[in-house]
Amino acid sequence: MKDFLKMTFATVVGLLITGFILLIFGTMSLVGMVMSSDTEVTLKDKSILMLNLQGTITERYEESPIDEYLSTGDKKMGLDDILNSIKKAETNDKIKGIYIDADMFACGTASLQEIRNALLDFKKSNKFIIAYGGNYSQGAYYLASVADKVIVNPSGIVSWHGISANNLFLKDVLKKFGVEMQIFRVGTYKSAVEPFIATEMSPANREQTKAFVSSLWSQMVKDVATARNISEEKLNELADTNMDFQEAELYVKNGLVDTLMYKDQVLTYLKMLTGTSNGDKLATVTVPEMKKVPATNLNTGKNTIAIYYAFGEIDNMGSSALDEGIRSEKVIQDLRKLREDKNIKAVVLRVNSPGGSAYGSEQIWREVTLLKEAKPVVVSMGDYAASGGYYISCAADWIVAEPTTLTGSIGIFGMIPDASGLINGKLGITLDGVKTNKLSDLGRIDRPFNEDERALIQNMINNGYELFTQRCADGRRMPLDQLKKIAEGRVWAGTMAKDLKLVDELGGIQEALKEAAKRANLDSYRTLSYPKQKDMISILLDTTKPERYIRTQLEETLGSYYPIYQWAKNLQNMDRVQARLPFEMNIR
């Protein structure tokens, strides 16, 4: 017994010592990661900015040092980081050029165009851009087409096939479970509810989708035709043959790329361009590293233009704080602080949202209106600024959108399930009770709405639509009747929206900043981004949460279908009245 107690005591002491040592090493590692994240990067002479096009591009991304350990493949980069890195590289004498390493990656069409325009501005510095890829996605090729030389691996692929847009329709699968959606909407083109009540696109939805998809493709073809000196007709002919499945030699023959090389040959070519000896290592810097390179010609004056990023669904009711989205209460508080800050002379509101809660959109609209009374407000639209995304934009002094931005969709809907077929029919459950008034039990999911209830809800939707259209008409200084002709829930591409006066100018964040500076009478200014990103300790703590790991795995497993899963998961928490784009359209 005595020996047993000795061994037990020794084991406990050993475990305590081991735990203490692990705690020390863990703390040291944590401190090391935090310190390394704040360390400035010093560029070497003859450096090249490596623009790795892979993974997913989001509006903003808070990178954690241990993300790579949680992720099994898909990487993320912030659009703001990419644009800032290109701008820094343009003005830094130690950067000799940009090397685009293209691969399969996911990026919205307007974000693609914004990066591409930044690369075109970079070329004005007379520095080189070289693009190489073994597997160019169509979006990656669209960006790479600006390069001085576009190179593909001899066994590589260049995707060039045109654009398609698809919806998943869930009516029949819901029917199998005994669930039927009760729909209330205003707007002929408000098709967000169609997946729940139909098995194919309505004629109106097909019409609008064909129109804006054609507009997006036309812009891509036009840009590539200019960059590669190929006619638009020829590019469409090549797309009709689906170049994804053609031999690499045909890419050179048809002018899509300049030459075929292996990776080692490309590196040798880059050394020649930078004057680096073959025996020396090529000096490179990545986008995450470029974030830590001090900006040159930085204006440190008090005149500041704030860039406020509002991206994701409005009033996203996800269960985790890690879910991206626009939470109206937080946005209102943030915009109020910007309104009261005397050093902020103007605000660029960067909107990248398919919409969401009509109530939340109205609250943000109110705060944007108050902000505009105090200082200039210019909206810069990203990939989407539609429905609720347009609602929160329409009050601005000026709206800037990319030609490929999807906007408009001025309409609202409500959607409430009737699960009587599931509860009563399939499960054999019945509900009974009492009520004090005629409509006290409105909303019971074990029965469909009666006529009085349907009329009541539809009237609420109608009133919401009237308010939405009036806000837009007032903001755009347009007669209400004229606004309603282009509303009806219809989605427009940026070029179409400008012709309809839903936006004022085509361009990106830089054009929005120029307009904001002009309206604030600023010759020089600095920019600050809001909301302020978390400190490294907070990011590390968030990263270690189990839900972050689960979400990462789901995103990588479901791919482009993850937003559909997320939308369905949050369905029960959504507001009754929604102002959002057609249900998670997959554009490729």
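The shown structure was predicted, so the numbers you read here are calculated from the model rather than taken from an experiment.
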Could you check whether any side-chain N or O of Lys372 sits under 3.5 Å from a backbone N or O of Ala395, counting only pairs where one atom can act as donor and the other as acceptor?
yes

Classify the side-chain pair Ser380/Arg350 by whether it contains a donor and acceptor separated by less than 3.5 Å.
yes

For the side chain of Asp148 and the backbone of Ile130, is there at least one donor-acceptor N/O pair under 3.5 Å apart?
no

No-hydrogen, no-angle side-chain donor-acceptor test under 3.5 Å, Asn153 and Tyr132
yes

salt_bridge(Asp81, Lys88) N-O dist < 4.0 Å
no

Salt bridge flag under 4.0 Å for residues Asp504 and Arg476:
yes

Give the ring-plane orientation class for Trp160 versus Trp217, where under 30° counts as parallel, over 60° as perpendicular and anything between as tilted.
tilted

For Thr495 and Ser215, which I'm curious about, is there any donor-acceptor pair between the side chains at under 3.5 Å?
yes

Is it true that a side-chain atom of Lys271 and a backbone atom of Asn278 form a donor plus acceptor pair closer than 3.5 Å?
yes

Could you go step by step and tell me if Thr405 and Thr407 meet the side-chain hydrogen bond (donor to acceptor under 3.5 Å, both in side chains) rule?
CA-CA 6 Å; Thr405 295; Thr407 188; over 6 Å; no

Any salt bridge between Glu367 and Arg339, counting N to O under 4.0 Å?
yes

Would you check if the side chain of Ser393 reaches a backbone N or O of Gly389 as a donor-acceptor pair within less than 3.5 Å?
yes

Short N-O contact, Asp45 and Lys96, less than 4.0 angstrom:
no

Between Asp383 and Ser111 (side chain of the first, backbone of the second, donor and acceptor by atom type, cut-off under 3.5 Å), is there such a pair?
yes

Ion pair Lys46/Asp280, N-O distance below 4.0 Å:
no

Side-chain H-bond candidate by donor/acceptor type, Tyr308 with Asp334, under 3.5 Å:
yes

Check ion pair Glu340-Arg336 (N to O, under 4.0 angstrom)
no

Within 45° cone and under 6.0 Å: Arg116 NZ/CZ vs Tyr142 ring:
yes

CG (Asp264) with more than 12 external heavy atoms under 6.0 Å:
yes

Could you verify whether a donor N or O on one side chain and an acceptor N or O on the other, from Gln113 and Thr404, lie under 3.5 Å apart?
yes

For the pair Asp80 and Arg60, find out whether any cationic side-chain nitrogen is under 4.0 Å from an anionic carboxylate oxygen.
yes

Under the 3.5 angstrom rule, does the side chain of Tyr525 hit a backbone N or O of Leu522 as a donor-acceptor pair?
no

